[in-house]
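Beneath this line is the structure, given in structure tokens, with notes to follow.
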Amino acid sequence: MLDIKLIRENPEMVRGRLASRSGNVEKLLDDLLEADERRRKNLVEAEQLKYQRNVASEEIGRRKKQGVPTDDLIEKMKEMKEAAEKIKSLDGALREIEDTIRTAILLIPNIPHKSVPIGKSEQDNVEVKKWGKPHPMAFEPKPHWDIGEALGILNFECAAKITGARFCLYKGAGARLERALINFMLDLHTKKHSYEEVLPPFMVNSASMIGTGQLPKFEEDLFKCNNTDYYLIPTAEVPVTNIHRDEILDGRNLPLYYTAYTPCFRAEAGSYGKDTRGLIRQHQFNKVELVKFVKPENSYDELEKLLENAEEVLKLLNIPYRVIVLCTGDQGFSSAKTYDIEVWLPGLGCYKEISSCSNFEDYQARRANIRFRETPEAKPSFVHTLNGSGLAVGRTLVAILENYQQADGSVAVPEVLQNYMDGMKVIR
RNA sequence: GGCGGGAUGGCAGAGCGGUUUAAUGCGGCGGUCUUGAAAACCGUUGAUGGGGUAACCUAUCCAUAGGUUCGAAUCCUAUUCCCGCCGCCA
């Protein structure tokens, strides 16, 4: 959520900076500014009445204690009864205005950072680095679904029976490889990169979803549990960022780094016919997430470090990738700046997103009310939050199958994973 | 699921219709003492919104949302969460 004062004081600047994003927020901003003006007018009026009431009530109390109430006191109580009615109606109107403001401001996206390229769609994203060389293959590389089905480690048909489309049953070495990847990533981030491991709930309430920005705008992307206020998480970002919702952190403890493995659940509304085969786009997938709470002045350095931590996974697995910075039009709703890591998939013949690393600045912190004090006596201010996939596990498994496939249909196990697979060197 | 108890400031904990601007303790901050520190003593101590150039003024906040009243932390209703006991259960 943006700072209402920033919008009030620099409406044209905000309008300009948001214009390059997807979605039109002109009307929302107009409604917001208009309601904000009404709110302050209404507030002043209600406050004056409350002040009068407080003064009168105190006097009534004092004099009642002294003795029998006189006529003028009874008169005063009558007057205050009327004032109370007026206050009630003003407060009611105020509540409505504040609802209007809240509805509008929750639908306004974050302002892109100055370093973000202006653009309309993914065509305008900018590549910032490329790492690794495709493994030499003296044969036509196959897509991962062919490899996985042939080895008997992935079964999409069976998952379709159990549940439906966009699910997968992992078997044997496939299931083991997925678990190996989760452990490998968690070990790397906890031991080498000093993140604290957490295992959060996989369902969250609507307040948490609002805090990180999934609600109210993107409800159709989520799975909601019937007759409850609970949603399946679309990413660990939601429960982990909300660990500190409504808290004031001690600045001396910042930055805080968390890593979490969770499954992720996405409705994928509007992506019918997209990536229909294989593991790329599933309703359920595993992910190891990195989340940071940092001081504002460090957040862009922290974003670079977060990106490096995620890249490290692919480097150790020796799989080629590139990093792109998303343009203003392609960026997520809550993000100020986002890097995507895209992994090379020889079977599909393209680069595919495997991680998304974002700095949200104070946008989520405002929504979730996450603050810190620089020193114990300082005024609280908002932290900056960041997160990134470190990595999407299902897509990493895809990358291993496609990059490590061999002419005979077997798949070599990357060296760093062999210890996690009881020494297994090849899946055949 | 049933019955009972509870939710108060960073923490602990009193208050149960009117000087409560929420007692007291711990913690934090400042000071005295000390070569320095500790202890002791003294003082101080929250959040959010609004108004004002400012000092400052003001409203709101005792789980959440409503209600009663001139006046609510305190009374009423609903909800959420926590803690017991019973039932069920991985």
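Proteins get letters first, then strands, A, B, ... in listed order; numbering begins at 1 in each.
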Quote, to the nearest angstrom, the C1' distance that separates U60(B) from G9(B).
-> 15 Å

Short side-chain N/O contact from N54(A) to OP1 or OP2 of A59(B), under 4.0 Å | yes

Counting side-chain heavy atoms from CB outward, which of C70(B), U48(B), G50(B) is closest to K379(A)?
-> U48(B)

Ignoring hydrogens and angles, tell me if any N or O in the side chain of T328(A) forms a donor-acceptor pair with the backbone of S20(A) under 3.5 Å.
-> yes

Secondary structure of RNA chain B per the Watson-Crick/G-U criterion (both distances under 3.5 Å; [ ] crossing, | other strand, . unpaired) is ((((((((.[[[..)..(.....]]]((((((.......))))))((((((....)))))).[[[[[..)....]]]]])))))))....

For the side chain of R395(A) and the backbone of I280(A), is there at least one donor-acceptor N/O pair under 3.5 Å apart?
-> yes

Taking G50(B), C70(B), A59(B) as options, the one with an atom nearest any side-chain atom of K50(A) is A59(B)

Using the ring-ring contact (aromatic ring centres under 6.0 Å, His included) rule, collect all pairs that involve residues 194-219 of chain A, keeping only residues at least two apart or in two chains.
-> H189(A)-Y195(A), Y195(A)-Y257(A), F218(A)-F333(A)

Checking U58(B), C70(B), C81(B) against the side chain of I60(A) (C-beta onward), the nearest is C70(B)

Answer yes or no: does a side-chain N or O of R40(A) lie under 4.0 Å from OP1 or OP2 of G51(B)?
-> yes

Closest non-hydrogen atoms of E237(A) and V291(A), given as atom of the first, atom of the second and distance, are CA-CG2, 4.4 Å

Would you say a side-chain N or O of K81(A) is under 4.0 Å from OP1 or OP2 of C70(B)?
-> yes

With distance as the sole test, does D229(A) use its side chain to make a donor-acceptor pair with the main-chain N or O of S206(A) at under 3.5 Å?
-> yes

Rounded distance (Å) that lies between atom P of A59(B) and atom CZ of R95(A) | 19 Å

Of the listed nucleotides G50(B), G18(B), A47(B), the one nearest the side chain of R373(A) | A47(B)

From G71(B), U48(B), G50(B), nucleotide with atom closest to K5(A) side chain = G50(B)

Close side-chain approach of Y170(A) to L397(A), heavy-atom, < 4.5 Å | yes

Taking atom P in both U32(B) and G36(B), what distance in whole Å separates the two?
-> 11 Å

